[in-house]
Q: 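First, the structure itself, so that you have it in front of you.
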2 protein chains.
Amino acid sequence: MNIGDAARATGLPAKTIRYYEDIGLVTPARDDNGYRRFNDNDLHKLGFIGRARSLGFTIEDCRALLALYQDKDRASADVKRIAQQHLELVDAKITELQAMRTTLGHLIESCAGDHRPDCPILADLAVAPGKEAS
Amino acid sequence: MNIGDAARATGLPAKTIRYYEDIGLVTPARDDNGYRRFNDNDLHKLGFIGRARSLGFTIEDCRALLALYQDKDRASADVKRIAQQHLELVDAKITELQAMRTTLGHLIESCAGDHRPDCPILADLAVAPGKEAS
DNA sequence: CCTTGACCTTCCAGTTGCGGGAATCCCCAT
DNA sequence: ATGGGGATTCCCGCAACTGGAAGGTCAAGG
């Protein structure tokens, strides 16, 4: 199975798969012509990585998770810890974005959005002493 | 006022201020010795940028907002449009992160997190046909 | 006068996770 | 032979900085 087929099978772009090989996440065999040859195990790993990435795990998290996945003597606590740390990061990000969202929402509401130059959004950015929600 | 003072006054790292000059967001004067000299207007701009950045606006958004801020004939609608587009991006990001959060939360809940190797998190990443929440 | 230390300068490299594109090679069909 | 659709490597670019090296400047203290 060549890289194009692997890409179609996993839903990952071929470029991404090459990158994953570069950084040592997968190690497909090579045909005599130099083409990468992907077996079921490679595909499985790529799928694993793709799903972990879609949950927002970093590449290094993926590397650790894959190692644990392949370690039959792992402790599930090790996996859980990685996931929990990641969850905390996600939560922090959500909180930060929601704060932005709130402020942005207030500013947008307060702006007429017409042809006149008066704009509370700019006024707030110009000074912003913390009184955006009156 | 040298860059260190400007950094303390605005809360931005000196490196960041130099970067903003590099990309043309601010253009402080120079002393004879080559040191940057920041006046009130420069500080004002830096504060403006800092606040816009803290609301998640991109550098290019900041550039546009700054230009509108300095254009006395602007229409507030132009500002509002930028803010609204940004708000939509923020909302999309929040939605995406919340989806991750939900899945992660289910996975973590279902994992014992002890010394044994059985781990639903890894099992899900290994196959994940869309049945993470039973 | 010299040194020390805190500034400041420029430039270069690295971060994250790829994507774009060039130049070249390979394979199969006509 | 030639065309088209693969595949390969390599290098640059993105966003928005951050870190570090190598060196210039300045004021204070001995």
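Below, each value reflects all heavy atoms present in this structure, side chains not excepted, and no hydrogens, waters or symmetry copies.
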Q: Would you sort out whether A/Ile82 and A/Leu68 count as a side-chain contact (heavy atoms from CB on, under 4.5 Å), showing the intermediate values?
A: CA-CA 11 Å; A/Ile82 292 175; A/Leu68 286 169; 3.9 Å; yes

Q: Does anything in residues 52-68 of chain A pair up under salt bridge (charged side-chain N to carboxylate O under 4.0 Å, His left out), and if so which pairs, sequence neighbours excluded?
A: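 Every salt bridge (charged side-chain N to carboxylate O under 4.0 Å, His left out) pair that includes a residue of residues 52-68 of chain A, provided the two are not neighbours, is A/Glu60-A/Arg63.
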
Q: Identify whether A/Leu89 and B/Ile121 are in the same connected component of the hydrophobic contact network (ILVMFWY, side-chain heavy atoms under 4.5 Å).
A: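 Hydrophobic grouping puts A/Leu89 apart from B/Ile121.
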
Q: Can you tell me if A/Asp114 uses its side chain to pair, donor with acceptor, with the backbone of A/Arg116 under 3.5 Å?
A: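 Confirmed, A/Asp114 side chain pairs with A/Arg116 backbone.
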
Q: What residues, two or more places apart in sequence or in another chain, satisfy side chain to side chain contact (heavy atoms under 4.5 Å, CB included) together with B/Arg8?
A: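 Result, side chain to side chain contact (heavy atoms under 4.5 Å, CB included) vs B/Arg8: B/Asp5.
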
Q: Can you pull out the residues from residues 19-37 of chain B that lie within a 4.0 Å heavy-atom distance of DNA chain C?
A: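 Those residues whose heavy atoms fall under 4.0 Å from DNA chain C, taken from residues 19-37 of chain B in numerical order, are B/Arg30, B/Gly34, B/Tyr35, B/Arg36.
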
Q: Once you round to the nearest 0.5 Å, how far does CG of B/Leu65 lie from SG of A/Cys119?
A: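 Output value for this atom pair is 8.5 Å.
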
Q: Just report the end-to-end axis angle for the helix from C/dC1-D/dG30 to C/dT30-D/dA1, five pairs per end, to 10 degrees.
A: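 Taking five pairs per end, the axes differ by 40°.
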
Q: Hey, any chance B/Leu25 and B/Ile3 share a hydrophobic cluster, counting ILVMFWY side chains that come within less than 4.5 Å of each other, even indirectly?
A: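 Linked, B/Leu25 and B/Ile3 end up in one cluster.
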
Q: For DNA chain C, which residues of residues 1-16 of chain A approach it to below 4.0 angstrom with any heavy atom?
A: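 Heavy-atom cutoff 4.0 Å gives A/Pro13, A/Lys15, A/Thr16.
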
Q: Tell me the salt bridge (charged side-chain N to carboxylate O under 4.0 Å, His left out) pairs involving residues 39-50 of chain B, sequence neighbours left out?
A: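 Counting only pairs at least two positions apart or across chains, no salt bridge (charged side-chain N to carboxylate O under 4.0 Å, His left out) contact touches residues 39-50 of chain B.
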
Q: Mind checking the CG-CG spacing from A/Leu46 to A/Leu12? Nearest 0.5 Å is all I need.
A: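 With rounding to 0.5 Å, CG (A/Leu46) is 6.0 Å from CG (A/Leu12).
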
Q: Scan for side-chain hydrogen bond (donor to acceptor under 3.5 Å, both in side chains) pairs involving residues 23-37 of chain A, sequence neighbours excluded, and state none if there are none.
A: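 Checked against side-chain hydrogen bond (donor to acceptor under 3.5 Å, both in side chains) - neighbours excluded - the pairs reaching residues 23-37 of chain A are A/Glu21-A/Arg30, A/Glu21-A/Arg36, A/Asp31-A/Arg37.
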
Q: Measuring from atom OH of A/Tyr19 to atom CD1 of A/Ile59, what distance do you get when rounded to the nearest 0.5 angstrom?
A: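 Output value for this atom pair is 5.5 Å.
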
Q: Can you name the residues that form a side chain to side chain contact (heavy atoms under 4.5 Å, CB included) with B/Ala6, not counting sequence neighbours?
A: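 B/Ala6 satisfies side chain to side chain contact (heavy atoms under 4.5 Å, CB included) with B/Ile17, B/Phe38, B/Leu43 once adjacent residues are dropped.
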
Q: Less than 3.5 Å apart, which donor and acceptor atoms pair up between the side chains of residues 91-98 of chain A and the rest of the protein, not counting sequence neighbours?
A:
{"unit_1": "A/Asp91", "atom_1": "OD1", "unit_2": "B/Arg101", "atom_2": "NH1", "d": "2.9"}
{"unit_1": "A/Asp91", "atom_1": "OD2", "unit_2": "B/Arg101", "atom_2": "NH1", "d": "2.7"}
{"unit_1": "A/Thr95", "atom_1": "OG1", "unit_2": "A/Asp91", "atom_2": "O", "d": "2.9"}

Q: Does anyone know the first and last nucleotide of DNA chain C in reach of chain B, 5' to 3', at under 4.0 angstrom to a heavy atom?
A: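 Answer, 5' to 3': C/dC7 to C/dC11.
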
Q: Which is the 5'-most and which the 3'-most nucleotide of DNA chain D that has an atom under 4.0 Å from a heavy atom of chain B?
A: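 Under 4.0 Å from chain B, the extent on DNA chain D is D/dA16 to D/dC26.
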
Q: Looking at B/Asn41, is its backbone amide N or carbonyl O close enough to the side chain of B/Asn39 to form a donor-acceptor pair, meaning the two atoms are under 3.5 Å apart?
A: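 Yes.
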
Q: ring-ring contact (aromatic ring centres under 6.0 Å, His included): which pairs involve residues 46-68 of chain A, sequence neighbours left out?
A: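 Matches after skipping sequence neighbours: A/Phe48-A/Tyr69, A/Phe57-A/His86.
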
